Amino acid sequence: MCGIVGYIGTKREAYPILIKGLKRLEYRGYDSSGVALINSDKSLSVYKAKGKVSELEAYCADKNIDGTVGIAHTRWATHGEPSSTNAHPHYSESKNLAIIHNGIIENYAEIKKNLIDKGLKFQSETDTEVLVQLIEYIQTKKDLDLLTAVQVALHQVIGAYAIAILDKRHPDTLIAARKQSPLVIGIGDGEFFVGSDASPIIEFTDQVVYLEDGNIAVMKLGEELKVVSILNEELSLNVKTVDMNLGEIEKGGYPHFMLKEIFEQPNCLINCMRGRINIDSDRVTLSAIIDNRDKLLLAKRIVIVACGTSWHAGLIGKQLLETFCRIPVEVEYASEFRYRNPVVTKDDVMIALSQSGETADTLAAIELAKENGAFIYGICNAIGSSIPRATHTGTYIHVGPEIGVASTKAFTGQVTVLTMLALTLADARGTIKHSDYVKVVKELTVIPEKIKEVLKVNEQVADLARTFTYAQNFLYLGRGYSFPVALEGALKLKEISYIHAEGYPAAEMKHGPIALIDSDMPVVVIATHNGMYEKVRSNIQEIKARNGRVIAIVSKGDTSIAKIADSVIELPDTLECLEPLLATIPLQLLAYHVAVCKGKDVDQPRNLAKSVTVE
Ligand code: F6R
């Protein structure tokens with residue numbers, strides 16, 4: 001949510017680095033953007049534009065963009081509408097300072113009122129401008145250097161932030177700080193980079209420091225990186241090598257990141273299972289479980305917390321864990337869990353699911369459960385992000401950076417890890433027959449090949465999408481393991497095509513939603529050959545009896561449903577518990593193609609941002 005990029009050096013121009021970085025970060029927010037540069041004549045220029053980074057580039061075309069020090073930001077509006085005035089960077093009143101900020105300053109209104117009473121004037125409606133004004137006020141009033149003024153100001157601030165700040169009177173220094181909003185510092189040769197994630201940095205250096213909460217980084221030319229606390233204690237540097245390559249964050253010939261990420265899924269799942277499933281012995285080994293065996297085996301209950309697509313993966317995890325391990329599992333929206341005074345004890349294990357590893361609500365749910373003594377297991381994608389660092393143990397899904405705002409490969413990665421986790425726990429608890437364990441493990445290893453086969457329906461789905469672009473509403477139905485898939489299919493469609501869609505358990509239809517069915521209503525039904533097949537087939541007949549238009553996801557060779565449905569998409573056979581990994585793919589493709597047909601911005605749908613670091 002909002003992207004930060006910064007550069008300080010002597011040999012390279014900052015502007016091209018910042019613009020390229022903003023483009024890499026645009027998935028985090030894209031309603032406006034801006035850049036601040038310390039020009040070679042020592043002036044501090046701020047340029048901002050509403051809309052995408054390309055608008056900013058156009059705006060800067062005739063501006064002075066020279067200089068080797070700068071900061072830039074791409075915004076997802078929280079306080080104040082998207083506009084060039086509210087875009088970051090924000091100047092302080094004297095225009096000596098410029099700041100960029102991710103997060104929310106919760107007590108900004110109170111601070112702003114105090115500053116207005118002292119005669120300061122504000123240009124924007126943002127909490128960010130309040131912060132830079134506060135820093136300058138403290139700096140001037142008490143005659144402090146910038147670092148000390150930042151430290152004093154951050155003491156007064158309640159909320160979350162990742163900031164980077166420049167002072168034109170000290171063009172050799174860039175200061176950055178974090179609390180509950182991620183920030184990475186890249187260390188180059190006599191130069192430093194700042195990013196809200198590593199993607200704008202990796203082209204230049206693989207040496208990074210992930211700032212911890214309360215850390216302030218001081219990047220001064222000619223000196224080593226210094227990290228201090230708000231109380232000015234110098235902290236030791238934990239320099240890491242980032243394991244991400246440029247190819248992973250570029251489109252690689254696909255028109256959109258989302259399509260690339262859908263097609264990457266076979267390889268993603270191979271990477272996710274690598275080193276964890278031994279094909280020769282048909283065994284799954286998750287190191288997180290070996291290291292924390294007792295905690296996990298003695299759990300009386302598992303609580304899964306997540307948001308959005310990750311929550312849907314959690315619903316599938318519940319079925320896997322309950323079926324195989326016979327442990328009661330609850331799946332909670334993190335945003336609800338954190339505020340409803342839930343019962344959590346030291347006998348609980350919490351599983352926190354998150355692609356970005358930065359979702360504010362999920363982090364808060366973790367903290368709450370930790371305070372109550374629960375053991376926390378994270379399942380995340382972004383390496384080194386906040387959630388893996390807040391949990392006791394966990395498993396990365398290793399599907400590579402997900403840039404398309406609509407989550408695709410992270411979902412299948414999460415379901416794969418949850419399957420491996422359920423198998424491992426069930427085996428250790430003795431709640432699964434060895435032959436069943438081996439059957440699921442063997443089938444899991446061929447899922448990537450089967451996904452490749454499913455991806456061949458791409459053209460068929462593209463044709464189908466053209467037929468259905470007229471629709472104002474869609475229903476998605478499924479039962480058992482397919483119900484969360486129906487929810488996920490509906491979420492994908494609404495996110496990127498802006499068509500209203502609902503997912504329902506198929507049998508619930510007659511308790512209400514059936515009233516919606518008419519000849520304009522497309523209904524996507526997951527009707528594969530499993531225990532619920534006949535019942536779902538009856539549901540399809542009920543829809544057809546009311547002239548609804550049925551797109552059925554069926555098992556290969558099914559002729560019975562083909563006779564009654566308007567269109568069928570075939571899937572290879574697999575075990576019922578692994579069907580979500582296949583059935584999700586055509587639904588991702590359907591959402592993608594409908595959005596493309598409607599001319600929507602697939603990778604950057606309106607109002608959304610990739611990583612939701614505010615509650
Ligand atoms: C849907 C989507 C969101 C995220 C949700 C949780 O396509 O991307 O619903 O799934 O915001 O995000 P993470 O998994 O990063 O915690």
Side-chain angles (χ1 to χ4, degrees), residues 1-2 27-30 76 180-182 196-197 256-259 261-262 265 304-317 331-338 350-366 376 378-391 394-415 417-418 476 484-485 487-499 501 503 584-585 587-592 595 600-615:
M1 193 151 272
C2 302
Y27 70 98
R28 295 179 72 99
Y30 34 81
W76 185 88
Q180 290 168 25
S181 199
S196 40
D197 65 39
H256 298 100
F257 279 112
M258 182 178 177
L259 191 63
E261 288 160 4
I262 292 172
Q265 289 175 103
I304 298 180
V305 289
C307 304
T309 289
S310 298
W311 185 79
H312 296 155
L315 293 177
I316 296 168
V331 188
E332 300 257 9
Y333 285 116
S335 53
E336 287 298 309
F337 179 84
R338 63 182 289 193
M350 170 178 273
I351 299 179
L353 286 172
S354 174
Q355 185 288 127
S356 61
E358 300 293 350
T359 301
D361 284 322
T362 310
L363 259 172
I366 292 171
I376 322 285
I379 298 181
C380 295
N381 188 35
I383 315 278
S385 53
S386 302
I387 292 176
R389 284 186 284 143
T391 48
T395 303
Y396 281 115
I397 61 175
H398 286 313
V399 297
E402 191 179 66
I403 312 278
V405 164
S407 188
T408 52
K409 60 181 182 172
F411 176 77
T412 44
Q414 288 167 337
V415 172
V417 166
L418 286 162
Y476 286 72
V485 177
L487 291 176
E488 176 57 7
L491 178 63
K492 286 292 87 86
L493 188 76
K494 55 191 153 195
E495 275 181 300
I496 59 171
S497 71
Y498 319 143
I499 293 176
T584 302
I585 311 291
L587 305 193
Q588 295 171 343
L589 288 170
L590 182 64
Y592 171 79
K600 303 298 180 206
D601 189 342
V602 172
D603 282 336
Q604 291 166 5
R606 70 182 180 202
N607 303 342
L608 295 177
K610 186 69 186 161
S611 126
V612 186
T613 52
V614 294
E615 62 169 290

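Values below: all heavy atoms of this structure, side chains included; hydrogens, waters and symmetry mates excluded. Numbers here simply count residues along the sequence, with the first being 1. Since the structure is predicted, the reported quantities are computational estimates derived from the model, not experimental observations. Both counts, for ligands and for their atoms, begin at 1 and track the order of listing.
- Interface of Q355 with ligand 1, defined as ligand atoms under 4.0 Å from a residue heavy atom, comprises 13 (P), 14 (O), 15 (O), 16 (O).
- Residue E495 has at least one heavy-atom neighbour below 4.0 Å for each of these atoms of ligand 1: 1 (C), 2 (C), 7 (O), 8 (O).
- The distance from ligand 1 to the heavy atoms of A406 drops below 4.0 Å at these ligand atoms: 7 (O).
- With sequence neighbours excluded, the residues that form a side-chain contact (heavy atoms from CB on, under 4.5 Å) with P605 are Y30, V405, I496, Y498, L608.
- Listed by number with element, the atoms of ligand 1 under 4.0 Å from a non-hydrogen atom of S310 are 10 (O), 13 (P), 14 (O).
- Residues T309 and L491 form a side-chain contact, since some pair of their non-hydrogen atoms from C-beta on lies under 4.5 Å apart.
- Side-chain atoms of M350 and F337, non-hydrogen and from C-beta on, do get closer than 4.5 Å to each other.
- Taking only nitrogen or oxygen atoms, main chain and side chain alike, T362 does not reach within less than 3.5 Å of ligand 1.
- Annotation: T359 places an N or O atom under 3.5 Å from an N or O atom of ligand 1; distance criterion only.
- Side-chain contact of Q588 with T408: a donor-acceptor pair under 3.5 Å is absent, judged by distance alone.
- Per-residue contacts place S354 under 4.0 angstrom from the following atoms of ligand 1 (heavy atoms of the residue considered): 13 (P), 14 (O), 15 (O), 16 (O).
- At a heavy-atom distance under 4.0 Å, no atom of E358 approaches ligand 1.
- I383 places a side-chain heavy atom less than 4.5 Å from the side chain of H398.
- For a threshold of 3.5 Å applied to N or O pairs, the pair formed by V405 and ligand 1 contains at least one separation below that value.
- Residue contact check: K492 has heavy atoms under 4.0 Å from atoms 1 (C), 7 (O) of ligand 1.
- Using bins of under 30°, 30° to 60° and over 60° for the plane-to-plane angle, the ring pair H256/Y592 lands in the perpendicular bin.
- In this view, S497 and L493, I499, V594, A595, K598 satisfy the side-chain contact (heavy atoms from CB on, under 4.5 Å) rule, not counting sequence neighbours.
- Listed here is the closest heavy atom pair of A406 and E495: CB-OE1, 3.8 Å.
- For ligand 1, the atoms sitting less than 4.0 Å from at least one non-hydrogen atom of G308 are 9 (O), 10 (O), numbered in the order shown with element in parentheses.
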